6 protein chains.
Amino acid sequence: MSDHKIAIYPGTFDPITLGHIDIIERSSKLFDKVIVIIAINPSKKPLFNVDERMEMIFNAIKPFPNVSVEKFDGLVVDFAKRVKAKVIIRGLRAITDFEYEFQMALMNRQLADDITTVFLMPHEKFTYLNSTIIKNVANFGGNIEKFVTKFVEKKLIEKLGQEGN
Amino acid sequence: MSDHKIAIYPGTFDPITLGHIDIIERSSKLFDKVIVIIAINPSKKPLFNVDERMEMIFNAIKPFPNVSVEKFDGLVVDFAKRVKAKVIIRGLRAITDFEYEFQMALMNRQLADDITTVFLMPHEKFTYLNSTIIKNVANFGGNIEKFVTKFVEKKLIEKLGQEGN
Amino acid sequence: MSDHKIAIYPGTFDPITLGHIDIIERSSKLFDKVIVIIAINPSKKPLFNVDERMEMIFNAIKPFPNVSVEKFDGLVVDFAKRVKAKVIIRGLRAITDFEYEFQMALMNRQLADDITTVFLMPHEKFTYLNSTIIKNVANFGGNIEKFVTKFVEKKLIEKLGQEGN
Amino acid sequence: MSDHKIAIYPGTFDPITLGHIDIIERSSKLFDKVIVIIAINPSKKPLFNVDERMEMIFNAIKPFPNVSVEKFDGLVVDFAKRVKAKVIIRGLRAITDFEYEFQMALMNRQLADDITTVFLMPHEKFTYLNSTIIKNVANFGGNIEKFVTKFVEKKLIEKLGQEGN
Amino acid sequence: MSDHKIAIYPGTFDPITLGHIDIIERSSKLFDKVIVIIAINPSKKPLFNVDERMEMIFNAIKPFPNVSVEKFDGLVVDFAKRVKAKVIIRGLRAITDFEYEFQMALMNRQLADDITTVFLMPHEKFTYLNSTIIKNVANFGGNIEKFVTKFVEKKLIEKLGQEGN
Amino acid sequence: MSDHKIAIYPGTFDPITLGHIDIIERSSKLFDKVIVIIAINPSKKPLFNVDERMEMIFNAIKPFPNVSVEKFDGLVVDFAKRVKAKVIIRGLRAITDFEYEFQMALMNRQLADDITTVFLMPHEKFTYLNSTIIKNVANFGGNIEKFVTKFVEKKLIEKLGQEGN
């Protein structure tokens, strides 16, 4: 039965791209509440710190009243339990994605059998997008306006200028 | 916003397996109503005719009050529109699946942009299951009780006996 | 050294799609002469006969003066030798494609070491296109104007009408 | 503990290729006895009948005294049990292979847990070989001496001549 | 002919999982002697040092009298030659695995043609297991008893406690 | 129309292998001019510095009068525009390659629509080759003469000796 359905959308979002926003918009129509969660992974070195990433997501989700953003340090299933989410959303783009996502979804099912991983496919115009490629293009002065929001584009240029890259 | 969420789960189901039922059970918890639809594809030659396949699905979905079954001849997105479903559910098992599913999901998005394809991953114990392999095992007298319901097992044995295989 | 470079682009083209035309247009800029060749494969049952497929290709390649179309029954490398082409062009869309293409390219290299298979990737908006899916959509009355030329759309509707599908 | 190890190598072998022979030779060194088994699959239409395929395998395995060939109609695990084989050998070439092989190996493990599927990778020079491509090349008069034994080459030419292809 | 068959099973084993043990058990039935070898790779930073990994493997292989463990710094084929092993065992789980394994197996065949790489597929219930995911789950206090032995579970909790993670 | 066709072949080449040279030789026959470009990527730590890699490429391309080598720090499409190249050449070996290459090719098409990425497949005997595996084999004293030129072999041995590996 369907009561109040809460879904979480975990990721690194360094930074959020139009591909992510496509997934968020679709999710916001499928579920009552969507929480974007930023994984704080101390072993990775992100370009943007957690608060900067949060600000960019916050800016991007304004059009979607049932979407919020939080940061989290721990297992995704533990966060899901805490906020009573029954759904983990993942974007699915490509083969390499697929293998890793498959493993994580099965592991998460082992850890919490009542939580379901749901995969959404972004629009094909976002097939080639990922945060790493976008940072690389921005770093060399390439035009990224088709890949991120204006707000993120500005932040990326500022950040890469600061770093003297 | 989330009102009444209807999802459809299209397939051939020749016959329905425990892997399909796993997807149906999960879907029944995510959406208010789930309609299993049997694609009537005249170019394929199924082992069971549409009514037999429908009977087996009907038997399998009894535990799930918000799940029903229908047959349909046409484009999946047209069926979705007719029943006001905004979600197409697909199970996702393997690489070969993935490519085809990817193409169909993108095509369906072109045909009806407001309908979202949602992929669920069956339990890893169903990774190796598909209807073709099960029919092959049954045909040679192998034990299929771990792969289908008792009801389907009986129907398969009857059918394969009739065919003199 | 580069003198007069001739490339062939073999396929079934049942019917030609905008994805094929994207590959043809790109190829026409890379090579001096491009010959689209229709493989006559008696074991497959195409929807359109060779002459119908040829007519649709002929119509599609009008904008490209260095592109022509021919039909051929035999090994692609033998056709290549006959017309002194040193290049076989193949579109590359997806994983399943890839494996088969890999095998064919290596086999063709064994059969004729001086002929090179060149892979081009169609625009991502054609990722989901293939002739089979388009025929399926057209068959059920779906809108295919984003996938094929006006000319092919008309031919498809006529053909599927005739067949009473 | 290792007593007398028997392995079976099932397949269609229509016809046997140098890639198959590579797998057989390797297997003959790993196990005490290797039985090549030809699956009699009435739904497929092979080019060569079972006895012709058997003759070609018989000719190819002469150099390997611990290798024999049999035909079989049924589940591979049932044949394995009958001859007390604990190993099923499969060649593994490519991604598409892999998925199917993965499913069959897991299914066979379900059907007979004490039988192990063992995958061997043929030499990379056989990467592009499969019986279908070879038949296609032979059919159009291409040179297949790098792909099959002299004996099979002769049989293929005879057979394709008979068929008037 | 089959005399005394020695196989080696190389890996990082940081730490050994139930998936690895599944492969070891199967291998111990196929070959007369199986040597698990821990690759000492100075460029990787394992969680456990070589002696700790060795202790955990040693504990896990106790039930299998024909299995031993050694550490090695060098090319796997050189170790194989030294101990007169003719077989390299590898577990095969997924696509990403597959590509890398394919390259290594072909390279090893180039380096030592008389040594055969044999691939075994772990039980599907171990499909999602890898050492990295397990360490990640353990690090956040998740329950890992379905993925590793009691002994390894205890060592992992100790180690992660020491590191103050 | 085909005038003077310039192609670039970007890569890390740390060091250049016989697989790369196979691609270069084929490319030199397809286009009027081929420029091998070494990407200077400060975030990666190559074994050889840019000038050493350049020297090894320079040595390898001597037989091909229409091939040259340059280093470049920036977006590949920007280099292509500067030298008026309309073609980016990439070798395509395997699935993992494929996904990444797919993303880069689509991204580059977005950044510069008039530049075409062309994929060539190396000879199957180079399927297993990549610079990382070769460095690993050389590091442990394995024989690499089938994988690189004499010149590169000498440089690799010198370099790895210096490093005290």
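This is a predicted model, so every value here is computed, not measured.
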Asks: In Å and rounded to the nearest 0.5 Å, what is the CZ to CG distance from B/Arg26 to A/Asp114?
Replies: 8.0 Å

Asks: So what's closer than 4.5 Å to chain B heavy atoms on A/Val118: side chain, backbone, both or neither?
Replies: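 Answer is both: backbone and side chain atoms of A/Val118 are under 4.5 Å from chain B.
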
Asks: Please name all residues satisfying ring-ring contact (aromatic ring centres under 6.0 Å, His included) with A/Phe119, sequence neighbours left out, ordered by chain then number.
Replies: none

Asks: Measure the CE-CE distance between B/Met104 and A/Met121 for me, rounded to the nearest 0.5 Å.
Replies: 12.0 Å

Asks: Work out which heavy atom in B/Lys5 is nearest to a heavy atom in A/Leu30; give both atom names and the distance.
Replies: CE-O, 3.2 Å

Asks: Any chance you could measure B/His123, atom NE2, to A/Arg109, atom CZ, to the nearest 0.5 Å?
Replies: 5.0 Å

Asks: Counting only heavy atoms not in A/Phe151 (residues, nucleotides, ligands), do more than 12 fall under 6.0 Å from its CZ?
Replies: yes

Asks: Go through the atoms of B/Ile115 and report whether side chain, backbone, both or neither lie under 4.5 Å from a heavy atom of chain A.
Replies: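 Backbone only.
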
Asks: Near B/Lys135 NZ, under 6.0 Å, is it more than 12 heavy atoms from other residues, nucleotides or ligands?
Replies: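 Yes, NZ of B/Lys135 has more than 12 neighbouring heavy atoms, counting only those of other groups under 6.0 Å.
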
Asks: Let me know if A/Thr117 has heavy atoms under 4.5 Å from chain B in its side chain, its backbone, both or neither.
Replies: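 Only the backbone of A/Thr117 comes within 4.5 Å of chain B.
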
Asks: Could you have a look at A/Asp113, A/Ile89, A/Val87 and say which one has the most heavy-atom pairs with chain B under 4.5 angstrom?
Replies: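 Of the options given, most contacts go to A/Asp113.
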
Asks: Say you draw a straight line from CG of B/Leu106 to NZ of A/Lys125; how long is it, rounded to the nearest 0.5 Å?
Replies: 12.0 Å

Asks: At a 4.5 Å cut-off on heavy atoms, which part of A/Ile6 comes close to chain B: side chain, backbone, both, or neither?
Replies: neither

